[in-house]
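Read through the structure below, which is laid out as structure tokens, and then see the notes.
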Number of protein chains: 2
Amino acid sequence: MKWSELNDNWCPVARTLSVVGDRWTLLILRDCYLGRTKFEEFAQAGGMTRHILADRLKRLVEVGILERRAYSTAPKRYDYVLTAKGEELRPALTIMKEWGKKNLPIRRSAVEG
Amino acid sequence: MKWSELNDNWCPVARTLSVVGDRWTLLILRDCYLGRTKFEEFAQAGGMTRHILADRLKRLVEVGILERRAYSTAPKRYDYVLTAKGEELRPALTIMKEWGKKNLPIRRSAVEG
DNA sequence: ACCTAGCGTTTCTTTCTGGAACTTTCCTTA
DNA sequence: TAAGGAAAGTTCCAGAAAGAAACGCTAGGT
């Protein structure tokens, strides 16, 4: 089965994962929940390449999790803000945060957010 | 940043995703929550190739989300069962299930689990 | 005129994934 | 006792996706 065929899967979990289930998308969402909205912010904080970032943002907008909003007209600039739909996924990330804190402690440094 | 560098990231969400954040791992977990335990069951239900499945199962065992347990010694056979650690991620999948049901309705058929 | 910021896009190389057959170890059935 | 099958992986190859890093575009600052 191809990843793209998952969006009509019988299982709602599979359909959700067809949208947010890849390596970087959930990390972008985390950044959104932390208040980031701009391309450059995601690019610097997220760690993925700009290439991938542009692609994932487009997909998140298409599916209605983020909204692409012009915040400046003179030099055309857009940022990305969470929609209500996007907010509904926040609890899932919260669970992952707690799980990571508890089960995957950092070895190199003790800093934690 | 490479995916593998994520396991010592400052962010607990990132660390969690370094373990379960890829295309198929969460789908394997879904199967676990549905009661599947055997390699062949995952292979048939999940839709991923056996290749990838073997790799992901190994990783889930290494990190302690699943336990590889011999259920037959004569022909050596193993199955994979959730640990307590693994059970703790169930709520995240539940949220994704609900989100998918609500926000990504099926177009082709009306069957739903 | 030149530099910088913001938001992507392009190119090239490396890594990962999909598909399908193959292996190994036993068990069953004829 | 030979044939066939089941379970749990492995191996091989072609094609898709990701990483790195530079390039492009628009517009404002100096």
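Lettering follows sequence order; numbering is per chain, from 1. Heavy-atom basis, side chains included; hydrogens, waters and symmetry copies ignored.
Phosphate contact (OP1/OP2 of D:dG19, side-chain N/O of A:W24, threshold under 4.0 Å): present. For B:R56 and C:dT17, the shortest distance from a side-chain N or O to OP1 or OP2 is below 4.0 Å. Put simply, A:Y78 has no side-chain N or O that comes within less than 4.0 Å of OP1 or OP2 on D:dT26. At the phosphate of D:dA7, neither OP1 nor OP2 sits under 4.0 Å from any side-chain N or O atom of B:Y80.
Under the 4.0 Å criterion applied to side-chain N and carboxylate O atoms, A:R59 and A:E62 are not assigned as salt-bridge partners.
For B:H51, the side-chain atoms get nearest to C:dG19 when compared with the rest of D:dA8, D:dG9, C:dG19. When each of D:dA8, D:dT10, D:dA18 is scored by its nearest atom to the side-chain atoms of B:K38, the top-ranked nucleotide is D:dA8. Listed candidates were C:dG6, C:dG8, D:dA20. Nearest to the side chain of A:F39 is C:dG8.
Checking side-chain atoms of B:T16 against main-chain N and O of A:G100 turns up a donor-acceptor pair under 3.5 Å. With hydrogens and angles disregarded, no donor-acceptor distance shorter than 3.5 Å links the side chain of A:T37 to the backbone of A:Y80. Without hydrogens or angle criteria, A:W24 side chain to A:G47 main chain gives no donor-acceptor distance under 3.5 Å. At distances below 3.5 Å, at least one donor-acceptor pair connects side-chain atoms of A:T83 with backbone N or O atoms of A:G64.
Note: CD1 (B:I52) to C1' (D:dT11) measures 13 Å, nearest angstrom. Rounded to an integer number of Å, the gap from NZ of B:K58 to P of D:dG9 is 10 Å. Straight-line distance from the CG atom of A:L66 to the P atom of C:dC7: 14 Å, rounded to whole Å. In this entry the distance linking CZ of A:F42 with C1' of C:dA5 reads 17 Å, nearest Å. Rounded to an integer number of Å, the gap from A:L6 CG to C:dG18 C1' is 14 Å. Distance, A:D55 CG to C:dT9 P: 10 Å, rounded to whole Å. In this structure, B:L53 places its CG atom 9 Å from C1' of D:dG9, rounding to the nearest Å. Whole-Å rounding puts the B:E5 CD to C:dT15 P distance at 13 Å.
A:Y33 is not connected to B:I95 by any chain of hydrophobic side-chain contacts under 4.5 Å among Ile, Leu, Val, Met, Phe, Trp and Tyr, and they are in different clusters.
With respect to B:D79, the side-chain hydrogen bond (donor to acceptor under 3.5 Å, both in side chains) criterion is satisfied by exactly one of B:R69, B:R36, B:K38, B:R68: B:R69.
If A:R23 and A:E40 are placed on DNA chain C by their nearest nucleotide, the residue sitting closer to the 5' end is A:E40. Map B:Q44 and B:A54 each onto its nearest nucleotide of DNA chain D; the residue landing nearer the 5' end is B:Q44.
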Protein-nucleic acid N or O pairs under 3.5 Å, nucleotides 22-25 of chain C:
residue : atom : partner : partner atom : Å
C:dT25  : O2   : B:R77   : NH2          : 3.4

